[in-house]
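Reading through the structure tokens given below for one structure.
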Protein chains: 4
Amino acid sequence: MSTNNIDAGHLKAFIERLERLDEERRGLVGDFNAVLDEAAGTGYDKKILRKIVSLRRQDAHKRREEEEILDLYLANLGMS
Amino acid sequence: MSTNNIDAGHLKAFIERLERLDEERRGLVGDFNAVLDEAAGTGYDKKILRKIVSLRRQDAHKRREEEEILDLYLANLGMS
Amino acid sequence: MSTNNIDAGHLKAFIERLERLDEERRGLVGDFNAVLDEAAGTGYDKKILRKIVSLRRQDAHKRREEEEILDLYLANLGMS
Amino acid sequence: MSTNNIDAGHLKAFIERLERLDEERRGLVGDFNAVLDEAAGTGYDKKILRKIVSLRRQDAHKRREEEEILDLYLANLGMS
DNA sequence: TCAGATAAAATCGCGC
DNA sequence: GCGCGATTTTATCTGA
């Protein structure tokens, strides 16, 4: 019933939420690799598939960054 | 309608599945960090929380391995 | 004259080389920031300058990666 | 021939100086890692080598700070 | 072992 | 001057 208990309860709850998310994440990594294996089974090259996913993500990222810099310019010119 | 088209279709499907999983994974990483931030907001130390999650995962992993070894021993002794 | 001494000598030499490189690197970071300050002094926005440098580096990086993936495809098709 | 052109020229010059410095910095990071690899090849542990360099830098930093404080004290006592 | 990708930790620069 | 977000650096993990 002390403050410590309450804190411990909080801590426990946080840890449990973190562990749940971490497990889910690890599950998805497993799924990702399973899909890679499946694709490899039908003749695709895993390395290439990873590269494609990576490049496409980078594209999206760069596009977003370019928009940001445009915003910066506009803000700088008092046009935002 | 050539074989190439079919392959392209397969490839596209694989890429999409991979991207979906990758995005979900990244989403979970975001959620994880959000929980960390929330916990930090109530006074916990992020680094320590991460460490706890990591240690508990390793514990679980070690426990599982030890059980496996035990199973092997038992099987070996005809006691499984 | 023991093996330990020889190892110690090697270790010392490695550490010194590493420290020299690290110091040079830190010097360049200082120079970089000095140029940023200078540019800021003539009215440019540091944040934008950083962004430009970063975007241009990403461009170069992506271009290189795209060449790599092309090579991968070609190798995969036996055309390398 | 407008003011904009002059600015653009300035901007270009600044960007080029920044990129040169950034590239040099990245080159040194590469060299640093190359030395680490070389050391690893003769049996040293990269992680530990990094740690040593980092600790020694912190030591040096702390020593410098302590000297500064000492200088302050001395100046304050009219003994500088 | 090696490199490449990912995750984790530390550092830095900005705004309040 | 300090938190906060972004960047950089360090460490881990995986596949070749």
Side-chain angles (χ1 to χ4, degrees), chain A residues 18 21-22 25-26 28-30 32-34 36-37 39-40 45-55 57-58 61 64-65 68-69 72 75-76, chain B residues 18 21-23 25-38 40-41 43 45-55 57-58 61, chain C residues 18 21-22 25-26 28-30 32-34 36-37 40 45-55 57-58 61 64-65 68-69 72 75-76, chain D residues 18 21-22 25-26 28-30 32-34 36-55 57-58 61:
Chain A
L18 291 170
L21 291 167
D22 193 52
R25 184 182 62 77
R26 285 169 192 278
L28 286 172
V29 170
F32 187 94
N33 288 323
L36 274 189
D37 287 343
D45 183 284
K46 287 193 207 181
K47 214 160 145 185
I48 290 182
L49 293 174
R50 279 184 190 278
K51 206 81 173 170
I52 293 173
V53 172
S54 156
L55 281 175
R57 187 179 58 239
Q58 282 183 50
H61 179 67
R64 240 172 291 127
E65 278 213 16
E68 274 175 45
I69 203 178
L72 278 179
N76 228 258
Chain B
L18 290 171
L21 291 168
D22 194 51
E23 264 175 55
R25 184 183 62 78
R26 285 169 192 278
L28 285 172
V29 170
D31 294 348
F32 188 94
N33 287 322
V35 174
L36 275 188
D37 287 344
E38 188 188 336
D45 183 283
K46 288 192 206 181
K47 200 163 133 186
I48 291 179
L49 292 175
R50 280 182 190 279
K51 207 75 183 172
I52 292 173
V53 172
S54 158
L55 286 175
R57 185 180 60 241
Q58 285 175 41
H61 181 66
Chain C
L18 290 170
L21 292 167
D22 194 52
R25 184 182 62 80
R26 284 168 193 279
L28 285 172
V29 170
F32 188 95
N33 287 323
L36 273 189
D37 287 342
D45 182 283
K46 286 194 208 181
K47 213 161 148 187
I48 291 181
L49 293 175
R50 280 183 190 277
K51 206 79 173 172
I52 293 173
V53 171
S54 156
L55 281 176
R57 187 180 57 240
Q58 281 184 48
H61 179 67
R64 240 173 290 126
E65 279 213 11
E68 275 175 44
I69 203 178
L72 278 179
N76 229 259
Chain D
L18 290 170
L21 292 167
D22 194 52
R25 184 181 64 78
R26 284 168 193 278
L28 285 173
V29 170
F32 188 94
N33 288 322
L36 276 188
D37 286 344
E38 189 189 334
T42 78
Y44 291 108
D45 183 283
K46 289 191 205 180
K47 198 164 132 187
I48 292 179
L49 292 175
R50 281 183 189 277
K51 206 75 182 172
I52 292 172
V53 171
S54 158
L55 286 176
R57 186 180 60 241
Q58 286 174 40
H61 181 66

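Order of the sequence lines sets the chain letters (A, B, ...), proteins ahead of strands, with each chain counted from 1.
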Inset, instruction - For A:Val53 and B:Asp22, work out which heavy atoms get closest and say how close. - result: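 Closest approach of A:Val53 to B:Asp22: CG1-OD2, 4.2 Å.
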d([atom1], [X]; [atom2], [N]) in whole Å:
X       : N      : atom1 : atom2 : result
A:Leu49 : F:dA16 : CG    : P     : 12 Å
A:Leu72 : F:dG5  : CG    : C1'   : 14 Å
C:Glu65 : E:dA3  : CD    : P     : 17 Å

Inset, instruction - Applying side-chain hydrogen bond (donor to acceptor under 3.5 Å, both in side chains), run through D:Ser54 and D:Gln58 and close with a yes or a no. - result: CA-CA 6 Å; D:Ser54 158; D:Gln58 286 174 40; 3.3 Å; yes
Inset, instruction - Evaluate whether atom NZ of C:Lys47 has more than 12 neighbouring non-hydrogen atoms of other residues, nucleotides or ligands under 6.0 angstrom away. - result: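 Check fails, neighbour count at 12 or below.
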Inset, instruction - If a protein heavy atom is under 4.0 Å from the base, mark B; if only from the sugar-phosphate, S; if neither, -; do that for nucleotides 7-16 of chain E going 5' to 3'. - result: SSSS--SS--
Inset, instruction - Supply the atom-to-atom distance A:Leu72 CG to C:Asp45 CG, rounded to the nearest 0.5 angstrom. - result: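 That separation rounds to 6.5 Å.
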Legend entry - Pairing residues for C:Asn33 by the side-chain contact (heavy atoms from CB on, under 4.5 Å) criterion, not counting sequence neighbours: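 So C:Asn33 forms a side-chain contact (heavy atoms from CB on, under 4.5 Å) with C:Val29, C:Leu36, C:Arg50.
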